[in-house]
Amino acid sequence: DNTTNRHFAKADKLYTPATQVLLAHHGAYNITRLYLAWAEEDLKKGDYEVAVNHLKEANTRSEAVSEPLRSLIPHRLSDCYRQLAALAETKEKDEKKAATLLETALTVADEPVTRMNLAAIYTRLNNIDGAIHNYELVSKGDPNNLEARHRLIDLLCDKNDFQKAQKALIELTDRERSVENYLLLASLNLKLLNHAGAVRALEDACDLSGKPEILKQLEVTLLDWSRRLMREGKREEAASVKGHAERVAEQLTLLIGKPEEKNEKTAEDETTLAAKPDAYFEKVPPIALSSSRIWLAKGSLTPEGEIRIKN
């Protein structure tokens, strides 16, 4: 390694006066390749700080080389800054230094991974506006980056910026339809007194999941909206919304039944077997009390009648 470094250093000294003699472009091209190769050797040893210095030298001369090498140099330099930021964050426990390094990386190459890392650190440093800014930029640059969108919405909700959170969540549901997203959207709409938006979100949630609790939430929201319309003197609209709530209540009843009906059915089940004639038991499957490990002989009598089973 020391021999390799001496060779690079010697080449660097030779190139400096040589560039005064060679054609400007040709000299810059060779010295750019030299610093890039030198940086690669530094990276193999994990010497990121030295690699940064050599990549910075290469980057200042990157116009002298053609693609794809020209674009590779700033990306490699940006990656080195991210590696240094990770070391500052994990080994040195210095998140402010890590943030500064990531900010420097963005001046070299504006990459989503850098902004995601920076936003996460900003969040821990309580720089919520800075974190939101970075998540917004990532979301705009890559609409399918769902992680950035989720984190953005969480921060906007924590900041009580429900208007922006609602907008961001509507954009998210265009790409990720889930019960959780629609329930959160309904909650945000209610905070903004947008009952119509809340109802639409809850109906979308019901389409994805027929859980009774979501239907109940939809019914409650509709009734609350109806009362609000009544207070505003909008009687016809209130009646229409209340009618919608009643239809939802009917769906809910069909789904889970009325509590009193369940109790009546249970009581009926417990008493009707004793009143059944013997002919009834000849038409139904045999009964076995296997769960309690009790085995009865054929003809045994129980409160429900004579047991017709085979041991």
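Below, all heavy atoms of this structure are taken into account, side chains as well, without hydrogens, waters or symmetry copies.
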Checklist outcome for this item: For A51 and C80, the nearest pair of non-hydrogen atoms, with its separation, is CB-SG, 4.1 Å
Item to check | Those residues that, when tested against S178, pass side-chain hydrogen bond (donor to acceptor under 3.5 Å, both in side chains) (two or more places apart) | outcome: N181
Item to check | CA sep, side-chain torsions, deciding dist, call: V113, N117, side chain to side chain contact (heavy atoms under 4.5 Å, CB included) | outcome: CA-CA 6 Å; V113 63; N117 293 344; 4.1 Å; yes
Checklist entry - Taking the hydrophobic residues Ile, Leu, Val, Met, Phe, Trp and Tyr, and joining any pair whose side-chain heavy atoms are under 4.5 Å apart, which ones share a cluster with L223? => result none
Checklist entry - Roughly how far apart are R61 CZ and I73 CD1, rounded to 0.5 Å? => result 10.5 Å
Checklist entry - Would a 4.5 Å heavy-atom cut-off, applied to side chains only, mark R76 and L43 as touching? => result yes
Next on the checklist: Between S78 (side chain only) and P74 (backbone N and O only), is there a donor and an acceptor less than 3.5 Å apart?
Outcome noted: no
Item to check | Where M230 and A238 come nearest, the two heavy atoms and their spacing | outcome: CG-CB, 3.5 Å
Checklist entry - Would you say V138 and I128 are hydrophobically clustered, going by side-chain heavy atoms of ILVMFWY under 4.5 Å? => result yes
Checklist entry - Which other residues belong to the hydrophobic cluster containing V220, where Ile, Leu, Val, Met, Phe, Trp and Tyr are joined when side-chain heavy atoms lie under 4.5 Å apart, directly or via other members? => result none
Checklist outcome for this item: By salt bridge (charged side-chain N to carboxylate O under 4.0 Å, His left out), D79 pairs with (sequence neighbours left out) R82
Next on the checklist: List the residues meeting salt bridge (charged side-chain N to carboxylate O under 4.0 Å, His left out) with E250, not counting sequence neighbours, and say none if there are none.
Outcome noted: none
Checklist entry - Roughly how far, to the nearest 0.5 Å, is the CG atom of L55 from the OG1 atom of T60? => result 10.5 Å
Item to check | Same apolar cluster (I L V M F W Y, side chains within < 4.5 Å links), M116/L156 | outcome: yes
Checklist outcome for this item: Output for pair (L188 CG, C157 SG), nearest 0.5 Å, gives 4.5 Å
Checklist entry - Considering only heavy atoms from C-beta outward, does the side chain of T32 approach that of N59 to under 4.5 Å? => result no
Checklist entry - Between CG of L255 and CG of L215, what distance do you get to the nearest 0.5 Å? => result 6.5 Å
Checklist entry - Taking the side chain as C-beta and beyond, is there a heavy-atom pair between R227 and R231 under 4.5 Å? => result yes
Next on the checklist: Other residues, nucleotides and ligands only: do more than 12 of their heavy atoms fall within 6.0 Å of CD on E236?
Outcome noted: no
Next on the checklist: Could you report the tightest heavy-atom contact between A105 and Y81, atom names first, then the distance?
Outcome noted: CB-CB, 3.6 Å
Checklist entry - Taking the side chain from S62 and the backbone from R70, do they hold a donor-acceptor pair closer than 3.5 Å? => result no
Next on the checklist: Test: salt bridge (Lys or Arg N to Asp or Glu O under 4.0 Å). Region: residues 83-93. Which pairs qualify, not counting sequence neighbours?
Outcome noted: E89-R124, E92-K97
Checklist outcome for this item: Excluding L118, membership of its hydrophobic cluster (Ile, Leu, Val, Met, Phe, Trp, Tyr; side-chain heavy atoms within less than 4.5 Å) reads L102, L106, I121, Y122, L125
Checklist entry - Is it true that L137 and L172 fall in one hydrophobic cluster, defined by side-chain heavy atoms closer than 4.5 Å? => result no
Next on the checklist: Strictly by salt bridge (Lys or Arg N to Asp or Glu O under 4.0 Å), give each pair with a member in residues 139-160 just once, sequence neighbours left out.
Outcome noted: D129-K159, E147-R151, R149-E171
Checklist entry - Does the side chain of Y182 come within less than 4.5 Å of E203's, by heavy atoms? => result no
Item to check | Close side-chain approach of E176 and H150, heavy atoms under 4.5 Å | outcome: yes
Next on the checklist: Any side-chain to backbone donor/acceptor pair from T123 onto A119? Under 3.5 Å, distance only.
Outcome noted: yes
Next on the checklist: Can you list everything that forms a salt bridge (charged side-chain N to carboxylate O under 4.0 Å, His left out) with K44? Sequence neighbours excluded, please.
Outcome noted: E41
Next on the checklist: Applying side chain to side chain contact (heavy atoms under 4.5 Å, CB included) to K242 and W225, what does each step give before you reach the verdict?
Outcome noted: CA-CA 8 Å; K242 187 176 181 182; W225 188 13; over 6 Å; no
Checklist entry - For E40, does the CD atom sit with more than 12 other heavy atoms under 6.0 Å from it, leaving out its own atoms? => result yes
Checklist entry - What residues form a salt bridge (charged side-chain N to carboxylate O under 4.0 Å, His left out) with K211, not counting sequence neighbours? => result none
Checklist entry - Would you say L185 and L155 are hydrophobically clustered, going by side-chain heavy atoms of ILVMFWY under 4.5 Å? => result no
Checklist entry - Going by the side chain to side chain donor-acceptor pair (under 3.5 Å) test, which pairs reach into residues 184-199, not counting sequence neighbours? => result Q166-N189, N189-N194, H195-D224, H195-R228
Checklist entry - If you measure from OH on Y48 to CG on L84, what distance do you get to the nearest 0.5 Å? => result 8.5 Å
Checklist outcome for this item: S226 and V241 have their tightest heavy-atom pair at N-CG1, 3.9 Å
Item to check | Full working for side chain to side chain contact (heavy atoms under 4.5 Å, CB included) between L184 and I153 | outcome: CA-CA 10 Å; L184 178 57; I153 292 164; 4.0 Å; yes
Checklist entry - How long is the span from the CG atom in L252 to the CG atom in L254, to the nearest 0.5 Å? => result 9.0 Å
Next on the checklist: Please tell me whether F162 and L169 are part of a single hydrophobic cluster in this structure, the criterion being side-chain heavy atoms less than 4.5 Å apart.
Outcome noted: yes
Checklist entry - Hydrophobic cluster mates of V50, side-chain heavy atoms under 4.5 angstrom, ILVMFWY only, any path? => result none
Item to check | Under 3.5 Å donor-acceptor, S209 side chain and A205 backbone | outcome: no
Checklist entry - Going through the distances and angles, do D161 and Q163 end up as a side chain to side chain contact (heavy atoms under 4.5 Å, CB included)? => result CA-CA 6 Å; D161 193 342; Q163 196 76 48; 4.2 Å; yes
